[in-house]
Amino acid sequence: MSAVNDVSATTAGLLAPYAAHDGESRGRRYPESPPQFRSEFQRDRDRIIHSNAFRRLVYKTQVFVNHEGDLYRTRVTHSIEVAQIARSVALALRLNEALTEAISLAHDLGHTPFGHAGQDALNECLREYGGFEHNLQSLRVVDELEERYAEFRGLNLTFECREGILKHCSLRHARALGELGERFIMRRQPGLEAQIANLADEIAYNNHDVDDGIRAQLLDLAALREVRIFRRQHDAVVAQYPQLGERRLVHETIRRMINHLVVDFIHTTQTQLERAQPRSIDEVRALTAPLAMLSDACREEHLELKAFLREQVYRHYKVLRMTSKARRVVEQLFEAFFKDVSLMPREHRDQAVQAETQHGAAGRARAVADYIAGMTDRYAILEHRRLFEPAERT
Ligand code: MG
């Protein structure tokens, strides 16, 4: 711990022994002198906020395409909601709040346009060339693709932050990742800050998709009342406020669902921590199962809501029409650019040519995928028009 670093010195005393501590960080890929007036993990968070990829999340969506309305979640508001939930849990458990926030804000940086439809399509396009995994792409964004610093490529984040960003990874890719990939091979865990960001992600999207689903009129209250976790909170709100208008009724119900899950999350994880008694982040990592979790009862209800949303929202014909269009846009963009890299803007074309010299067709495919994955929804639609609509300006 640096004596200069006042901020982390004051916060370190409040952190639990199993939290990520600045002084015990496994460090950055390129060594840097310690930051002044902020901790290592605050620096990670600040770099993420200043990145291009973070700003692009404004125009990337998960379920509802951006132009359908201004009130729907985008990836940036989703990431902020994840960070809010994760930070509450981290503070209650005396974990490193700044690291938790950094991981939460960065967790979706590698997402393609059009949410999972885009990612599935790109994965299919790259099937012969190593596939496309959005978690791996998030890591690639912070390690390689961001160009902001004179001294290194990427954002040069701490090991702890990179470990959290890489939520999932296939074994094949894990082997190529060295220290960062080890836990997937050994079936070990990341630090608690990463575990918390991961579960906060699920809590956030489950609940905001209820809200967005109602707004898009894909869901109604009668159907939602078949889901236990919703019905219980809805009943309680109606009993307490029988005259409440529908909008406030829905929002109050969702607010209570989130609160119920977060409180359960903290209590259950606290109990797990008391049982396991980890004395350091490395002892957390050495465990075979995560410590951050919901109680069995809560987990079951949470999964029930997730299954309900899959059926009622993600497989709604209006959403499926949108995702089928999105897949086509991504597939056709890939096909056109892969066939002729000179159709891409110069910088991306140059990267593709260079990557091809080094890694053959797989290199070319990766460079095309980087270009497409970086696109916002509307930019992808515009590029598609420019390529395929004869009357569109190029
Ligand atoms: Mg997410």
Side-chain angles (χ1 to χ4, degrees), residues 44-45 48-49 51-66 71-90 99-123 132-142 157 161-170 190-213 254 257-258 261-262 265 290 292-294 299 302-303 305-307 309-310 313-314 319 322-323 326 373-377:
D44 281 355
R45 177 204 53 206
I48 290 159
I49 287 174
S51 69
N52 281 342
F54 186 71
R55 276 194 309 287
R56 289 200 187 111
L57 296 180
V58 178
Y59 296 107
K60 291 194 185 200
T61 47
Q62 309 222 108
V63 181
F64 303 93
V65 170
N66 197 267
L71 275 177
Y72 295 108
R73 266 69 177 183
T74 68
R75 285 212 181 260
V76 86
T77 60
H78 162 69
S79 300
I80 292 169
E81 288 180 38
V82 173
Q84 182 279 313
I85 291 171
R87 285 169 59 207
S88 300
V89 177
L99 174 60
T100 311
E101 185 178 13
I103 295 169
S104 303
L105 294 178
H107 85 283
D108 272 349
L109 288 181
H111 250 292
T112 59
F114 315 122
H116 291 284
Q119 118 105 15
D120 292 346
L122 208 48
N123 189 30
F132 181 89
E133 298 174 22
H134 66 262
N135 287 299
L136 208 54
Q137 189 70 10
S138 297
L139 186 68
R140 193 168 157 73
V141 166
V142 301
L157 303 180
C161 192
R162 296 170 62 236
E163 167 191 57
I165 291 171
L166 193 64
K167 190 160 70 173
H168 302 291
C169 177
S170 62
L192 275 158
E193 287 81 0
Q195 294 183 24
I196 279 161
N198 190 5
L199 193 46
D201 183 21
E202 286 191 36
I203 293 175
Y205 70 66
N206 238 3
N207 285 284
H208 64 50
D209 287 352
V210 170
D211 187 24
D212 282 351
I254 295 172
M257 285 202 295
I258 297 175
L261 287 161
V262 169
F265 185 1
M293 59 172 71
L294 296 171
R299 174 108 209 124
H302 173 73
L303 293 176
L305 175 58
K306 194 172 171 169
L309 287 170
R310 191 183 316 125
V313 178
Y314 314 141
V319 173
M322 194 279 291
T323 51
M375 293 178 185
T376 61
D377 295 4

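Note that ligands are numbered from 1 as they come in the structure, with each ligand's atoms numbered from 1 the same way. Positions are given from 1, in the same order as the sequence printed here. Computed from a prediction, not measured in an experiment: that's the story for all the values here.
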query: Roughly, to 10 degrees, what angle do His107 atom NE2 and Asp201 atom OD1 form around the Mg ion (ligand 1)?
result: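 Output for this angle: 90°, rounded to tens.
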message: Using every non-hydrogen atom in the two residues, find where Ser104 and Ala83 come nearest and quote the distance to one decimal.
response: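 Heavy atoms of Ser104 and Ala83 come nearest at CB-CA, 3.5 Å.
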message: I'd like to know if Lys167 and Asp201 make a salt bridge, using a cut-off of under 4.0 Å between side-chain N and carboxylate O.
response: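 A salt bridge links Lys167 with Asp201.
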message: Looking only at side-chain N and O atoms, does Asn123 offer a donor or acceptor that is under 3.5 Å from a partner on His134?
response: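 No pair is found: no donor N or O on one side chain lies under 3.5 Å from an acceptor on the other.
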query: For the Mg ion (ligand 1), what is the closest N, O or S atom on Asp108?
result: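 When I compare the N, O and S atoms of Asp108, OD2 is nearest to the Mg ion (ligand 1).
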- prompt: So, is His78 placed with an N/O/S atom under 2.8 Å from the Mg ion (ligand 1), counting both backbone and side chain?
  reply: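 Coordinating: yes.
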message: If you apply the rule side chain to side chain contact (heavy atoms under 4.5 Å, CB included), what do you find for Glu202 with Asn206, and how did you get there?
response: CA-CA 6 Å; Glu202 286 191 36; Asn206 238 3; over 6 Å; no
